[in-house]
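Working notes, beginning with the structure itself.
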Amino acid sequence: MSIGLRDVLVWVLVAATGSPALPGWAEAAGATEHETHDSVARAPEVLRWDAGAFSFSVTATPGRDYDAELRFASPLPSGDPVLDTVVLRWYRARQAAVPGDIPGAGVLLVHTLHPDMPVATFLARGLRQRGVDAFVIELPGYASRVGAERRFTGATTLIRGAQAVTDCRRAFDVIRSVLSAARGVNHGGAGPTVAIQGTSLGSFVAASAAALDGCFSQTFLYLSGGDGVDILERGTKDAFHVRRALAHYGYTGDKLRALFEPVEPLRLAPRLDAQTTWMFNARDDLVVPAENARRLADAIGLDDEHLVWMPGNHYTSFLLLPGVLDRIAKELALAGAASD
């Protein structure tokens, strides 16, 4: 894998946040088992599963950058036990560096195409320093979820798109359960505030997951757009590499369109709340063209306040992530105040 501008930028961003010391509770080893239940409602049929009670584990990870791992079964299993075990990396909130701590708020972060998940890691570190619990999900085919059949980076996530989307939806219930126990936050019976954020590849998964039944309090999409097949066909760089990988596995033409259709953000966009959804896109993006970003924004019904245009391209815009972090923290604080 060659090192390009994207890698340099994201590594600089991740390094800039540092690695704060772990809190005392994370020094103990061993997993604890817990139970919760699916709260999903009105999901489209192709993304529906038999909702019910399920278990999840929490394992402290002393010595790692994140504080614990949460594991649970995917609601749409593939038959590969490794691929079907969802992993969340929990970056437990620190005391906010500035006034305005957001007790009980959590954000599910859905990572990019990059196998090391550097952007999600940067965002997670930044959120926990702002008093927000952050949870980075490992999408199918990444990190510990690489199954027996290894594929090119990103291909498994797209081929298993419905699984990726429903994994994020089930993650909402796990996060809400964990934060309710860890923080004791009730918000008048509604439970903790749980938002979702996705970047590039992760933004397509996040948009569809948020649209299933509106469970997430806010949706923050970074470098996102609509019509995934068109993006693959017209986009360059990352889009080109993903298109070539999918073609290698036989996904071209009608087969490629059939693969995307169930989880296409444009199809699900009308289910998103335009008042609690934000898109951040780069004006000169050649991977997710501005035209595709506008199509998704129009399908959601976003106004100018919720569609933010940034200078730069798909990679240089990463330098503006600190401002996006501040915006996420601000919106979470406003939502928390409104629910108290």
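Values below: all heavy atoms of this structure, side chains included; hydrogens, waters and symmetry mates excluded. In this chain, numbering begins with 1 at the start of the sequence shown. Model, not experiment: these values are computed from the prediction.
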same_hphob_cluster(Leu321, Leu127) at 4.5 Å side-chain heavy-atom cutoff = yes
Sub-3.5 Å donor-acceptor pair from the side chain of Thr112 to the main-chain atoms of Ser200, do we have one?
-> no
Say you draw a straight line from CG of Asn313 to CZ of Phe318; how long is it, rounded to the nearest 0.5 Å?
-> 9.0 Å
So among His111, Glu138, Glu69, which one has a side chain to side chain donor-acceptor pair (under 3.5 Å) with Arg89?
-> Glu138
Within the distance-only criterion (no hydrogens, no angle test), does the side chain of Thr156 pair as donor or acceptor with the backbone N or O of Gly141 below 3.5 angstrom?
-> no
Would you confirm whether Arg283, through its side chain, and Asn281, through its main-chain N or O, come within 3.5 Å as a donor-acceptor pair?
-> no
Check: Arg130 side chain, Gly126 main-chain N or O, donor-acceptor pair, under 3.5 Å = yes
Are Val40 and Val86 linked, directly or through other ILVMFWY residues, by side chains that come within less than 4.5 angstrom of each other?
-> no
Would you mind listing every ring pair (Phe, Tyr, Trp, His ring centres under 6.0 Å) that reaches into residues 249-271, with sequence neighbours excluded?
-> Phe152-Tyr249
Given Trp90 and Asp67, is the side-chain contact (heavy atoms from CB on, under 4.5 Å) satisfied, shown in steps?
-> CA-CA 6 Å; Trp90 182 10; Asp67 303 306; 5.5 Å; no
Verify same cluster id: Ile328, Met310 (apolar side-chain graph, 4.5 Å) = yes
With distance as the sole criterion, is a donor-acceptor pair present between the side chains of His306 and Asp303 under 3.5 Å?
-> yes
Aromatic centroids of Tyr91 and Phe135 separated by under 6.0 Å | no
One should read off an interatomic distance between Thr219 OG1 and Trp278 CH2, to the nearest 0.5 angstrom, of 8.5 Å
When you check the gap from the basic side-chain N to the acidic O, do Arg170 and Asp167 get nearer than 4.0 Å?
-> no
Return yes if a side-chain donor-acceptor contact under 3.5 Å exists between Arg169 and Ser39, otherwise no.
-> yes
For side-chain contact (heavy atoms from CB on, under 4.5 Å), just list the numbers for Val242 and Leu113, CA-CA rounded to whole Å, side-chain angles, deciding distance to a tenth of an Å, and then say yes or no.
-> CA-CA 9 Å; Val242 172; Leu113 183 70; 3.8 Å; yes
Should the pair Asp65-Arg125 be classified as a salt bridge under the 4.0 Å nitrogen-to-oxygen rule?
-> yes
May I ask you to say whether Glu261 pairs ionically with Arg267, meaning some side-chain N is under 4.0 Å from a carboxylate O?
-> yes
Would you indicate whether Asp304, at its atom CG, is surrounded by more than 12 heavy atoms from other residues, nucleotides or ligands within a distance under 6.0 Å?
-> no
State yes or no: do Met279 and Val263 share one hydrophobic cluster built from I, L, V, M, F, W and Y residues joined by side-chain heavy-atom distances below 4.5 Å, directly or via other members?
-> no
Could you give the distance from OG (Ser78) to CD (Gln163), rounded to the nearest 0.5 Å?
-> 5.0 Å
Indicate yes or no: does Arg48 engage Asp213 in a salt bridge with an N to O separation below 4.0 Å.
-> no
Criterion side-chain contact (heavy atoms from CB on, under 4.5 Å) on Arg71 and Ser144, from CA distance to verdict = CA-CA 11 Å; Arg71 293 175 179 264; Ser144 61; 4.2 Å; yes
Check: Ser74/Asp84 side-chain N/O donor and acceptor closer than 3.5 Å | no
Extract all donor-acceptor atom pairs below 3.5 Å that involve side chains of residues 292-301 and protein atoms in other chains or at least two apart in sequence.
from, atom 1, to, atom 2, distance (Å)
Asn292, OD1, Arg234, NH2, 2.8
Asn292, ND2, Gly226, O, 2.9
Asn292, ND2, Asp230, OD2, 3.0
Arg295, NH1, Asp227, OD2, 3.0

